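What you are looking at is a predicted structure, and each value in this text was computed from that prediction instead of being measured. In what follows, every heavy atom counts, from backbone to side chain, and hydrogens, waters and symmetry copies are set aside. Just so we're on the same page: letters track the sequence lines, and every chain starts at 1.
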Amino acid sequence: AQKVTQAQTEISVVEKEDVTLDCVYETRDTTYYLFWYKQPPSGELVFLIRRNSFDEQNEISGRYSWNFQKSTSSFNFTITASQVVDSAVYFCALSEESYNTDKLIFGTGTRLQVFP
Amino acid sequence: DGGITQSPKYLFRKEGQNVTLSCEQNLNHDAMYWYRQDPGQGLRLIYYSQIVNDFQKGDIAEGYSVSREKKESFPLTVTSAQKNPTAFYLCASSRARGQDNEQFFGPGTRLTVL
């Protein structure tokens, strides 16, 4: 069965600290996609990244980086030099090729609080 | 500007009433989705539509109904049969399946049943 686990419910850091948000997934498909979304206090989900199962290259975008490891079924997200504006709930999600839709399976989210 | 709009932002309903949440997109996306979010939980899929005049139940469709008469519109009706409708509702859209299948979300509607 497909599942996404974000074991960290809440993380608090002080500005400029690095922080890693963990995501572990379960799937039987060989072709699947992984996503990270940010939900600021306004409520709207903001797309951050998509990764397909055949691309294990790590990615860096500014202060954001993602580490995809199929061997451990993990897709972790690191924010370097965190800022107050990074405070939000972050969701990891999975979609599987075998489904007849791009249905997203979400984790329960990690609330990140960055204090000045 | 391309995007997804949802209205209203806040909605209050008395028990026993049906209410309809609006979702419009001008991204020319084929697929549209409705999710429900409860406090401390991830999003759960209510209904989705991959093409006009066609839609499918998601994981928690009971007590909800939808229509897809136009490509850009996917309204959700919360019926009186939904036992616990107070939640945050998010609409999303995406291109057809496969590449570039990331979903883009609207700002959400917060529904409260009084």
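Defined by atom type and a distance below 3.5 Å, a donor-acceptor pair is present between the side-chain atoms of A:T20 and A:T78.
Ranked by non-hydrogen atom pairs under 4.5 Å with chain A, the options B:A92, B:G106, B:A31 are led by B:G106.
A donor-acceptor pair under 3.5 Å links the side-chain atoms of B:Q6 to the main chain of B:Y89, judged by distance alone.
Around the NZ atom of B:K70, the shell of radius 6.0 Å holds no more than 12 heavy atoms that belong to other residues, nucleotides or ligands.
Contact annotation for B:Q56: neither backbone nor side-chain heavy atoms come within less than 4.5 Å of a heavy atom of chain A. Heavy atoms closer than 4.5 Å to chain A are found in both the backbone and the side chain of B:L43. Only the backbone of B:Q41 comes within less than 4.5 Å of a heavy atom of chain A; no side-chain atom from C-beta onward does. In this structure, no portion of A:Q6 lies under 4.5 Å from any heavy atom of chain B.
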**Request:** Determine, stepwise, if the pair B:T112 / B:T86 fulfils side chain to side chain donor-acceptor pair (under 3.5 Å).
**Result:** CA-CA 5 Å; B:T112 303; B:T86 294; 5.4 Å; no
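With B:F88 as the aromatic partner, B:R110 meets the cation-pi criteria of under 6.0 angstrom to the ring centre and within 45 degrees of the ring axis.
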